[in-house]
Number of protein chains: 2
Amino acid sequence: MTNNEIEKKLESKKVKPTAMRTLVYKALADSGKTLSLADLEQRFEKVERSTIFRALKSFEDNFIVHTVNDGSGSVKYAVCDEDCTCNIHDLHVHFYCTRCGRTRCMKELPIPNIKLPDGYTYDNAQFVINGVCPRCD
Amino acid sequence: MTNNEIEKKLESKKVKPTAMRTLVYKALADSGKTLSLADLEQRFEKVERSTIFRALKSFEDNFIVHTVNDGSGSVKYAVCDEDCTCNIHDLHVHFYCTRCGRTRCMKELPIPNIKLPDGYTYDNAQFVINGVCPRCD
DNA sequence: AAGTTAGTGCAACATTGTTGCAAAGTTTAA
DNA sequence: TTAAACTTTGCAACAATGTTGCACTAACTT
Ligand SMILES: [Mn+2]
Ligand SMILES: [Mn+2]
Ligand SMILES: [Zn+2]
Ligand SMILES: [Zn+2]
């Protein structure tokens with residue numbers, strides 16, 4: 001993904017595309033995976049943890065990335081699809097491989113619709129499946 | 001739940017019912033909720049964090065309690081049903097209220113069956129729904 | 001009783017996530 | 001064009017959570 005494309009993307013989501021943000025977004029998008037804050041930190045020695053953290057936060061607040069709580073102890077980040085608004089119908093299942101520690105977006109698997117008891121309202125969900133991925137099997 | 005019942009329960013799951021473990025189990029069971037390590041710590045000022053931690057760990061390893069990753073930053077613990085072996089068919093949905101921070105076992109909602117792509121095997125899952133509970137609505 | 005094993009308390013620690021603040025950079029408006 | 005206002009970044013500090021090594025004690029075993 002070119003810097004130009006990234007800048008357009010961020011702008012379209014109302015986030016000013018600074019150099020740092022473009023860098024962070026690019027790293028995440030190019031990886032094609034979910035990455036933790038620590039993972040990103042390692043990808044460029046040079047940039048401050050807090051800067052990456054704040055970039056990710058602004059992405060999250062503006063539906064540019066979504067987070068995954070895979071139970072590994074650190075939150076993972078992944079780029080959202082083009083038209084994602086991170087509402088309950090845009091969500092998908094995530095797969096956490098307990099061998100390699102990689103977490104994958106299963107975009108082909110939307111989170112199934114659940115009928116909650118009366119009185120509950122919801123707007124978000126995390127569905128994480130733990131097991132062994134094809135690479136590790 | 002009486003101490004005697006708790007001791008029998010722990011023994012039946014191959015965990016020696018020490019004073020501390022009985023205390024921890026009782027606190028969790030009597031609460032009827034999910035509790036974090038910090039929550040439990042507060043319930044009895046006196047007992048060491050690490051002792052509670054290790055008690056919970058031994059419970060978890062022996063299917064006496066299960067954990068919930070509700071994304072709040074701390075793992076929650078809840079007592080398992082009698083016959084639970086914590087395999088994928090024993091699992092249920094959890095509900096995290098973003099107002100009060102309480103996490104509830106929705107035992108009436110089993111985790112739906114998911115057909116993963118070829119090559120994936122799984123043995124565990126977490127399905128956490130975020131929203132507002134009846135108490136907070 | 002002596003030896004062995006298991007449990008506990010204490011202290012230390014790594015990791016993760018988060019914030020206050022000042023310096024640097026960018027935008028706005030005079 | 002310059003000054004003021006606002007935003008972003010780096011740095012440092014910090015809280016919270018989870019985890020471990022180690023020594024002491026308690027409990028079991030023979
Ligand atoms: Mn995803
Ligand atoms: Mn539960
Ligand atoms: Zn794997
Ligand atoms: Zn609530």
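Letters A, B, ... mirror the listed sequences (proteins, then strands); counts begin at 1.
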Check: protein-nucleotides 11-21 of chain D nitrogen or oxygen pairs below 3.5 Å:
| residue | atom | partner | partner atom | Å |
| --- | --- | --- | --- | --- |
| dC11(D) | N4 | Ser50(A) | OG | 3.2 |
| dG18(D) | OP1 | Val75(B) | N | 2.7 |
| dG18(D) | O6 | Arg49(B) | NH2 | 3.4 |
| dG21(D) | O6 | Arg54(B) | NH2 | 3.3 |

Query raised in the report: Under 3.5 Å, is there a donor-acceptor pair linking the side chains of Asn4(B) and Thr2(B)?
Result: no
Report task. Would you mind reading off the distance between Asn62(B) atom CG and dA6(C) atom C1', rounded to a whole angstrom? Result -> 14 Å
Query raised in the report: To the nearest angstrom, how far is Phe44(B) atom CZ from dG9(C) atom C1'?
Result: 15 Å
Report summary line: Partner of Lys76(A) under side chain to side chain donor-acceptor pair (under 3.5 Å), picked from Asp70(A), Asn69(A), Thr34(A), is Asp70(A)
Requested in this report: Please check if any side-chain donor atom of Asp61(A) sits under 3.5 Å from a side-chain acceptor atom of Ser58(A), or the reverse.
Outcome: no
Query raised in the report: Under 3.5 Å, side chain of Lys13(A) to main-chain N/O of Phe59(A), donor-acceptor pair present?
Result: no
Query - Rounded distance in Å - CD1 (Ile52(A)) to P (dT18(C)) - result: 14 Å
Requested in this report: Report, as yes or no, whether the 6.0 Å neighbourhood of atom NZ on Lys107(B) holds more than 12 heavy atoms from other residues, nucleotides or ligands.
Outcome: yes
Requested in this report: For Asp81(A) and Asp83(A), indicate whether the former's side chain and the latter's backbone hold a donor-acceptor pair under 3.5 Å.
Outcome: no
Report task. Check each residue of residues 15-27 of chain B for a non-hydrogen atom within less than 4.0 Å of any atom in DNA chain D, then write out the ones that pass by number, or none. Result -> none
Query raised in the report: Tell me: CD of Glu41(A) to C1' of dG10(D), nearest whole Å?
Result: 13 Å
Query raised in the report: For Leu10(A) and dT8(D), what is the distance between atoms CG and P respectively, to the nearest whole Å?
Result: 12 Å
Query - Backbone N/O of Asp137(B) and side chain of Arg99(B): donor-acceptor pair under 3.5 Å - result: no
Query raised in the report: Heavy-atom distance under 4.5 Å between the side chains of Leu56(A) and Leu40(A), does that happen here?
Result: yes
